[in-house]
Amino acid sequence: MSASNHASAFVLPATDADGRKNLVGLSREELEAEMLSIGLEKFRARQLWHWLYHRGSTDFAEMTTLAKPVREKLADAYIVARPTVVKDLKSADGTRKWLLRMPDGQEVESVHIPEEDRGTLCVSSQVGCTLTCRFCHTGTQRLVRNLDSAEIVAQVMLARDMLGEWPAPPDGRMLSNIVMMGMGEPLFNYDNVAKALKIVMDGDGISISKRRITLSTSGVVPMMERCGQELNVNLAVSLHAVTDELRDIIMPINRKYPLRELMEACRNYPGLSNARRITFEYVMLKGINDTPADARALVKLLEGVPAKINLIPFNEWPGAPYERSTAKAIQVFGDIVNNAGYASPVRTPRGEDIMAACGQLKSASLRLTAAERAAIANVIAEKDAALAS
């Protein structure tokens with residue numbers, strides 16, 4: 001399925017079983033239109049926005065700046081929905097993973113990673129994934145559907161619920177940064193992702209700056225410029241190989257958008273400068289892409305692009321076809337890239353004990369059976385064929 005028609009696919013019903021519409025995920029203009037449609041004044045939308053996104057309220061009865069008849073009218077017509085938390089797992093390193101069930105029963109995962117100076121939420125954009133990146137467990141699952149804007153925003157809101165951050169705490173947020181690096185390819189669901197991120201960035205609500213939001217793409221070249229122009233968030237590119245021959249294998253999307261086109265799109269990304277660099281993600285696969293020659297080729301590939309390289313030790317999952325590079329190989333690789341003038345920190349794996357590390361989302365901890373391995377192979381073959389069409 002192409003980038004152009006992904007955003008309109010897999011659309012959810014607009015109302016719940018009682019005919020009430022979810023207010024989460026609506027733009028300011030849409031919220032104003034809803035107020036007018038039920039006979040309320042347009043300014044009620046501003047009041048609701050404050051309660052939804054600054055106070056985090058889910059109950060109209062709590063919205064005391066609105067008269068009681070208004071609250072009752074809103075409750076009859078609308079809901080403020082959150083996903084259901086199916087599992088709440090906490091790692092020994094403080095990482096927290098939530099398995100979330102959406103209204104139609106589909107499930108996705110969000111991960112909160114606490115650090116000394118920040119707290120980052122990894123947000124999903126799709127149920128499953130279109131792509132078949134060979135090192136990523138999410139890529140072994142079929143794409144079920146896109147998440148709508150409400151479901152994307154709601155991941156942020158629920159995380160703040162769980163962290164007790166309504167309204168924002170005065171001594172610094174535990175959720176200060178967002179990375180669109182969860183399940184799915186964000187640029188294949190761009191319209192919903194963009195709508196959600198604009199709500200998250202709004203200064204009268206959740207108010208997370210675009211400088212603290214990073215969108216990660218596997219390289220959907222046609223959408224990259226639009227993302228930069230309209231959202232101007234930080235861009236991360238899943239690179240993972242320095243030749244088309246290897247990237248075609250481990251990231252089949254490269255067959256549609258090869259490295260030459262991808263790197264050109266990176267060079268033209270709006271707002272790019274030495275102060276605003278693209279982050280290139282590079283998973284370290286033992287004996288596959290981790291040699292000194294690969295490091296030197298990476299340096300050459302990045303020429304002319306203000307860049308930072310995140311070296312990611314491969315995080316294993318059941319049935320994974322690769323192994324993690326040795327610590328020595330990662331160090332030698334990183335030294336070569338760093339000495340060429342590119343920052344190349346090694347990303348410390350977080351949440352491995354709860355399968356919350358990069359590439360592990362929505363996975364099982366059990367060894368796969370032969371039938372399960374065959375099923376995964378069939379899914380990969382189907383998605384590769386669809387990508388090629």
Side-chain angles (χ1 to χ4, degrees), residues 93 95 113-120 122 133-136 176-177 179-181 211-219 224 228 233-247 250-251 254 259-260 262-269 271-316 322-352 357-360:
D93 63 24
T95 299
I113 306 166
E115 300 178 67
E116 286 188 9
D117 60 342
R118 71 183 69 187
T120 300
C122 183
C133 302
R134 298 297 192 252
F135 49 84
C136 179
S176 60
N177 293 60
V179 291
M180 295 299 307
M181 295 183 184
R211 301 292 180 179
R212 291 183 174 270
I213 297 175
T214 299
L215 184 147
S216 177
T217 180
S218 58
M224 289 169 61
V233 295
N234 300 314
L235 184 70
V237 173
S238 293
L239 188 61
H240 311 304
V242 294
T243 66
D244 283 321
E245 291 75 16
L246 178 57
R247 202 166 186 267
I250 66 173
M251 296 189 69
N254 193 74
L259 281 171
R260 179 184 59 80
L262 174 59
M263 297 312 298
E264 184 67 17
C266 289
R267 290 184 178 91
N268 293 329
Y269 188 70
L272 193 62
S273 68
N274 288 329
R276 192 92 186 279
R277 299 170 294 174
I278 291 177
T279 297
F280 289 90
E281 297 159 329
Y282 196 96
V283 65
M284 301 297 293
L285 305 173
K286 185 177 181 179
I288 302 295
N289 64 354
D290 62 350
T291 68
D294 289 316
R296 289 189 287 271
L298 176 60
V299 170
K300 185 175 181 180
L301 184 69
L302 297 179
E303 186 175 351
V305 181
K308 168 188 173 183
I309 298 87
N310 271 345
L311 302 180
I312 307 170
F314 175 62
N315 299 304
E316 295 189 13
Y322 302 114
E323 297 178 38
R324 179 180 294 184
S325 299
T326 64
K328 178 64 174 177
I330 295 173
Q331 179 185 343
V332 170
F333 191 104
D335 286 346
I336 292 171
V337 176
N338 192 64
N339 289 339
Y342 295 99
S344 54
V346 177
R347 184 186 294 174
T348 302
R350 299 289 298 272
E352 287 183 292
C358 183
Q360 292 182 322

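Note that this is a predicted model, so its numbers are computed, not measured. When reading the values below, keep in mind they use all heavy atoms of this one structure, side chains included, and skip hydrogens, waters and symmetry mates.
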Requested in this report: Applying side-chain contact (heavy atoms from CB on, under 4.5 Å), run through Val242 and Asn289 and close with a yes or a no.
Outcome: CA-CA 8 Å; Val242 294; Asn289 64 354; over 6 Å; no
Query raised in the report: After noting the C-alpha distance and the side-chain angles of Leu285 and Glu323, does the key distance pass the side-chain contact (heavy atoms from CB on, under 4.5 Å) rule?
Result: CA-CA 6 Å; Leu285 305 173; Glu323 297 178 38; over 6 Å; no
Query - Stepwise side-chain contact (heavy atoms from CB on, under 4.5 Å) test for Thr279 and Leu235 - result: CA-CA 6 Å; Thr279 297; Leu235 184 70; over 6 Å; no
Query - side-chain contact (heavy atoms from CB on, under 4.5 Å) evaluation trace for Leu259 with Leu239 - result: CA-CA 9 Å; Leu259 281 171; Leu239 188 61; 3.7 Å; yes
Query raised in the report: Are Ser325 and Asp290 close enough, and set up right, to give a side-chain hydrogen bond (donor to acceptor under 3.5 Å, both in side chains), and what steps lead you there?
Result: CA-CA 7 Å; Ser325 299; Asp290 62 350; 2.8 Å; yes
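Asn339 places a side-chain N or O within donor-acceptor distance of the main-chain N or O of Asp335, the cut-off being under 3.5 Å. With His240 contributing its side chain and Glu281 its backbone, the two residues share a donor-acceptor pair below 3.5 Å. Side-chain N or O atoms of Tyr342 include one that pairs as donor or acceptor with a backbone N or O of Leu302 at under 3.5 Å. Judged by distance alone, with hydrogens and angles left aside, the side-chain atoms of Asn310 form no donor-acceptor pair with the main-chain N or O of Val346 at under 3.5 Å. In terms of modelled atom types and a separation under 3.5 Å, the side chain of Arg276 and the main chain of Pro306 share no donor-acceptor contact.
Side-chain contact between Gln331 and Thr326 is absent, with no heavy-atom pair separated by less than 4.5 Å. At a threshold of 4.5 Å between non-hydrogen side-chain atoms, the residues Val179 and Asn234 do not count as touching. Here the side chains of Met180 and Thr214 are not in contact, with every heavy-atom distance at 4.5 Å or above. For the pair Asp294 and Thr243, the minimum side-chain heavy-atom distance is 4.5 Å or more. You'll find the side chain of Pro313 reaches within 4.5 Å of the side chain of Ile330, heavy atoms only.
With rounding to the nearest 0.5 angstrom, the CG atom of Leu262 is 7.5 Å from the CG atom of Asn254. Atom SG in Cys122 sits 7.0 Å away from atom CE in Met181 (nearest 0.5 Å). Atom CG of Leu301 and atom CZ of Arg296 lie 15.0 Å apart (nearest 0.5 Å). Of the inter-residue distances, the one linking Asp117 atom CG with Ser176 atom OG reads 7.5 Å to the nearest 0.5 angstrom.
Across every non-hydrogen atom of Ile288 and Leu246, the tightest pair is O-CD2, 3.5 Å. Smallest separation of non-hydrogen atoms from Ala343 and Asn338: CA-OD1, 4.0 Å. Closest approach of Val233 to Ile213, counting heavy atoms only: CB-O, 3.5 Å. The two residues Arg247 and Ser238 make their nearest non-hydrogen contact at NH2-O, 2.7 Å. Contact record, Leu272 with Cys266: CD2-O, 3.2 Å, taken as the closest heavy-atom pair. Of all heavy-atom pairs spanning Phe135 and Phe314, the tightest one is O-CE1, 3.2 Å.
For the residue pair Arg324 / Asn315, a side-chain donor-acceptor distance below 3.5 Å is found, with atom types taken as modelled.
Heavy atoms from other residues, nucleotides or ligands lying under 6.0 Å from CG of Asn274 number 12 at most.
Counting only residues at least two apart or on different chains, the ring pair (Phe, Tyr, Trp, His ring centres under 6.0 Å) pairs with a member in residues 278-304 are Tyr282-Phe333.
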